[in-house]
Amino acid sequence: MNVLVVGGAGYIGSHCVRQLQQAGYHPVVLDNLVFGHREAVSDDIPFYDCDLGDYDSVAQILKREKIELVMHFAAFAYVGESVTDPRKYYENNFVATLRLLEAMLDNGVKKFVFSSSCATYGETDTLPMLESLTQAPINPYGQTKLDVENCLKAFSKAYGLSFAAFRYFNAAGAAEDGSIGEDHNPETHLIPLVFDAATGRRENIKIFGTDYSTPDGTCLRDYVHVDDLSRAHIAVFEQLETPGIELFYNLGTGTPSSVREIIDAVEAVTGLKVPIVEASRRAGDPPALYADSSKAQRELGWEVKYSSVQDIIASAWAWHQSHPNGFDDN
Ligand code: UFG
């Protein structure tokens, strides 16, 4: 099967492309390289430097490459920026996605896998989180993901689109062979920033909030390995054979880790001391988010291989050590 991977040069997309290839599928990558890295995609995979909102080019690619299924990873994902510059988020995450879907439907491509987010839920006291939880995002980033989910539901009913929306928790880790991994610019995610503090590339790591109503006062998150996330995208192919099917799955390990626990685990994995500074809360951070992923386990046979956060951190550390400047070190 020929699969168009939109955002296939990005962090999660590039790991999924690898797995598609290993599983015998034919991935084709579309990425505008605003955040993606050309080096993250091997040269034997067809690559289009193109914007997902460019209807005419996308339509041509779908036809030329005989695409049967589209996976869509390309989104802006800086929560803070989505609050200060929501136009950018609605434009890229929603409007451009709509153009992509139009190009698909106009060309008879009716299978779609969408990267959604636990950010669609907003704050909750009901933990671990099930898919049935009320979705009330607290920032435009989460709202744009929810808007796409709602659009997909309507398209499924009206046009027979089959789709799976995966609500990721906190993606982390790197490929087992250390050849691809996380490289964001700017980097805002906790684990790579803690590495930088450990290695002296930054002075310290600021803990955003130590007065949350959590066991150690810092936020709890569900860190899930990027290769585990990727496997779910392939495991869902069979279900997508059913026309008009609508699928929603949480993807997380179900085990929460606090910010302090992540810092401790980085110290254990690296053997380095991490200088910390206790800082005030970051706006828009819910105290605790962790998944009940039993639906994905039950329906897709999805299991996490990386159930320990130390193992996830160890894989990220291997990548970070060989690529302290990300893909610039290739
Ligand atoms: N944190 C710090 N210091 C830092 C960076 C992060 O204490 O320097 C804390 C945050 O406050 C949070 C935790 O570490 O409690 C994780 O923060 P990340 O920025 O790594 O990730 P988020 O939990 O903010 O991730 C959110 C959503 C995802 C979404 C992602 C987009 O949970 O669904 O933002 O970047 F995809």
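Counting convention: from 1, in listed order, for ligands and their atoms alike. Only heavy atoms go into these numbers, but all of them, side chains included; no hydrogens, no water, no symmetry mates.
Salt-bridge formation is detected for the pair R99/E102: a Lys NZ or Arg NE/NH1/NH2 atom is positioned less than 4.0 Å from an Asp or Glu carboxylate oxygen. Salt-bridge annotation for R281 and D211: present, with a side-chain N of the basic residue lying under 4.0 Å from a carboxylate O of the acidic one.
At a heavy-atom distance under 4.0 Å, only side-chain atoms of I205, from C-beta outward, approach ligand 1. Contact annotation: for R281 versus ligand 1, there are no heavy atoms closer than 4.0 Å.
Protein heavy atom nearest atom 15 (O) of ligand 1, with residue, atom name and distance: C219 CB, 3.0 Å. Counting protein heavy atoms only, atom 30 (C) of ligand 1 is closest to H189 NE2, 4.2 Å. With hydrogens left out, the protein atom closest to atom 33 (O) of ligand 1 is S117 OG, 2.6 Å, a heavy atom. With hydrogens left out, the protein atom closest to atom 23 (O) of ligand 1 is R221 NE, 2.7 Å, a heavy atom. What sits closest to atom 4 (C) of ligand 1 on the protein, heavy atoms only, is F208 CE1, 3.3 Å. Among protein heavy atoms, the minimum distance from atom 24 (O) of ligand 1 is reached at R282 NH2, 2.8 Å.
Aromatic ring centres of Y11 and H189: separated by at least 6.0 Å.
The N/O atoms of L190, backbone and side chain alike, include one that comes under 3.5 Å of an N/O atom in ligand 1. Remark: ligand 1 and Y141 share no N or O pair separated by less than 3.5 Å (distance only, no angle test). Looking at ligand 1, you'll find an N or O of A77 within less than 3.5 Å of one of its N or O atoms. Not one N or O of F169 is nearer than 3.5 Å to an N or O of ligand 1, by distance alone.
When side chains are defined from C-beta on, C151 counts as touching L98, because their heavy atoms get closer than 4.5 Å.
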**Study point:** Full working for side-chain contact (heavy atoms from CB on, under 4.5 Å) between L289 and D222
**Key:** CA-CA 6 Å; L289 297 171; D222 184 338; over 6 Å; no
Practice item. Begin from the C-alpha positions of L69 and V113 and carry the test side-chain contact (heavy atoms from CB on, under 4.5 Å) through to its verdict. Key: CA-CA 8 Å; L69 182 148; V113 181; 4.1 Å; yes
Exercise for review: Would you please test E278 and R260 for salt bridge (charged side-chain N to carboxylate O under 4.0 Å, His left out) and show each step?
Suggested key: CA-CA 10 Å; E278 295 187 358; R260 287 194 201 279; 3.0 Å; yes
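Of the residues listed (V309, I312, T218), the one engaging I262 in a side chain to side chain contact (heavy atoms under 4.5 Å, CB included) is V309, and it is the only one.
Within the 4.0 Å heavy-atom cutoff, Y78 does not count among the residues contacting ligand 1. Ligand 1 has at least one atom lying under 4.0 Å from a heavy atom of Y223.
A donor-acceptor contact under 3.5 angstrom links the side chains of Y55 and D106, judged on distance only.
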